[in-house]
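A short worksheet on the structure shown next.
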Amino acid sequence: MTDIHEKQQVRVRFAPSPTGYLHIGGARTALLNWLFAKKHNGVFILRIEDTDAERSTSDSIEGILDGLKWLGLDWDEGPYFQTHNIGAHKQAAQKLLKTGHAYKCFCTKETLEAKKEAAMAAKTAWQYDKTCRYLTPEQVMEKETAGQPFVVRFKVPEGDGSVVFEDAVYGAIEKRFSDIEDFVILRSDGSPLYLLSNCIDDINDRITHIIRGQDGLANTPRQLLIYNALAAPVPVFAHMPLTLDLKKRKISKRTHGEVVAVQFYREKGFLPWALVNFLVLLGWHTSDDREIFSKEELIEAFSLEGVSRSNSIFNYTPGDAKFFTDPKALNINAHYIRTMPVEELIIWVAEALKTTGLYDESLKTDKRAWFISTIDLIRQRFHTINDFATLGAAYFSDNFVMNEGAVKKNLLKHPGLKDWLPKLGEKLESIQSWTIEETEKNVRQFIEENELGSGVIINAIRTVVTGQAVGPGLFDCLVAIGRERVVARLKRNLTCWN
RNA sequence: GGUCCCAUCGUCUAGCGGCCUAGGACGUUGGCCUCUCACGCCGAAAACAGGGGUUCGAGUCCCCUUGGGACCGCCA
């Protein structure tokens, strides 16, 4: 295709720090990396940046792995753990020290703090004043033998130059040397800082494309300096816009709660691919009007060029009575529920029924055909998989909740129903065949004989039989639920009538 | 405060100088269908942040203002 030097295999990584569960912003970053790898037949690496021992917990590591697996974002290498590579990070710092790209700084936190405050008071910008950068070797030796603690700082080039790079999303970015301070790469206890560790791991993992959140954009010039000082090949950087809330704050589990956790969507009955499809649309698009993609289509369509530069907003209103998350996410989930092959859908529905105790092994065997046709019948108006087990419970069990509004609207308004419904039950009990045509014929006959309103009776039957005011055509419902249950439900003495 | 980035309907976005009286999707909303609700179909309301340039022509290029965000730690 192109010349051999460009045929280097694509290697990308997702490098979360496990300080909480996988949230949708992180999932989106992982997704874009995954897509990029798939698109280019590359390798997707998972690296856990767990160097913050206090905040990293095995629970959150598990949470991240689970979340990625559930979404179907499988990785080819890893998980690697940053803490395992600390030796390499320290070595790199020593190398920088040796090659004159870094120096030991003996300034104490206290003196630095005082200088910073003075600068604040004088309203001038603070940047480390490089006092230790020009210490003579003798002075350094003296301080060291005196046992003075030191940090290692990177020696940022001086003069008029600047760091320039081409971000795959944001284009040319330039940052002047003079605007970058001599940053710390090793603490006084000898441990490496994130900026260094992250960079060294990327070099060691031979990462070719760094696809990350836009919050990494400001770190890039400093990391580029490290790459150059180490004479390491520089990867392509691609920064993704951030996902904010309606108030334009960064989304976080702490301030937004469960809605931003991937796990929440699993519990709420989302299809993983529906979430993926929603997430990819947050800050990325094709130039045609497509919004629904199969896995293959998405990999085919994906390109960094479609990533937008402005932050996108996760359209979630806390306390919304109608939408428990971004309406578009719900819409996409519903779209998949009503359009995916039923045979696939029933696998998810079966899971939901199991967790609510509505599952029966026969749904897999003799009742499988019934299961398929029933799910196909009711799926059109459901938004989540959980709806099958809640709103659709009446199809699988006699233990279902009567919707209050439905009872009020379709039953209580017409007291005569208390007598009509059992009578109808008796009539239906003995009809010849339990088909859509026969049940409809008999119900309509009943309505006519007793001079009743058809809407009233039909809606009342629906409510008494399914517990809901809404649903598929009534006679389809009756056939799906079966004669025995329908008759029993018509005849039963509802508590609401007493 | 310094540096960097961003700016089209409520939200996600199309648009890379004339195809734009600004298109699509979600949401909102009117109607059709109808035993209900949904689906589907047909409509409606809804945006180029403001101001200067450049140009025959600007949503599209440049500058300023305003607004928003990110980063500035011996956190990751």
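In what follows, every heavy atom counts, from backbone to side chain, and hydrogens, waters and symmetry copies are set aside.
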Could a donor-acceptor pair under 3.5 angstrom be found where the side chain of [X] meets the base of [N]?
X: A:Glu291; N: B:G24; answer: yes
X: A:Ser188; N: B:C74; answer: yes
X: A:Lys250; N: B:A70; answer: no

Which part of the nucleic acid, if any, lies within reach of [X] when heavy atoms closer than 4.0 Å are counted: base, sugar-phosphate only, or nothing?
X: A:Gln82; answer: sugar-phosphate
X: A:Ile173; answer: sugar-phosphate
X: A:Glu181; answer: sugar-phosphate
X: A:Glu49; answer: sugar-phosphate
X: A:Gly213; answer: nothing
X: A:Val151; answer: base
X: A:Arg462; answer: base

(Q) By nearest atom, which of the nucleotides B:C74, B:C12, B:U28 is closest to the A:Phe323 side chain? (A) B:U28
Q. If you check every side-chain atom of A:Arg222, which of B:U3, B:C71, B:G69 has the closest atom?
A.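 My answer, after comparing the listed nucleotides, is B:C71.
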Q. Do A:Trp284 and A:Phe293 pass the ring pair (Phe, Tyr, Trp, His ring centres under 6.0 Å) test, and can you show the C-alpha distance, the side-chain angles, and the key distance before you say yes or no?
A. CA-CA 13 Å; A:Trp284 175 85; A:Phe293 300 89; 5.8 Å; yes
Q) Roughly how far apart, to the nearest Å, are B:C19 and B:C12 at atom P? A) 26 Å
Q) Is A:Asp215 salt-bridged to A:Lys250, going by a charged N under 4.0 Å from an acidic O? A)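 Salt bridge: yes.
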(Q) With a 3.5 Å limit on both atom pairs, tell me what B:U28 is paired to, counting Watson-Crick and G-U wobble, or say none. (A)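 Its partner is B:A44.
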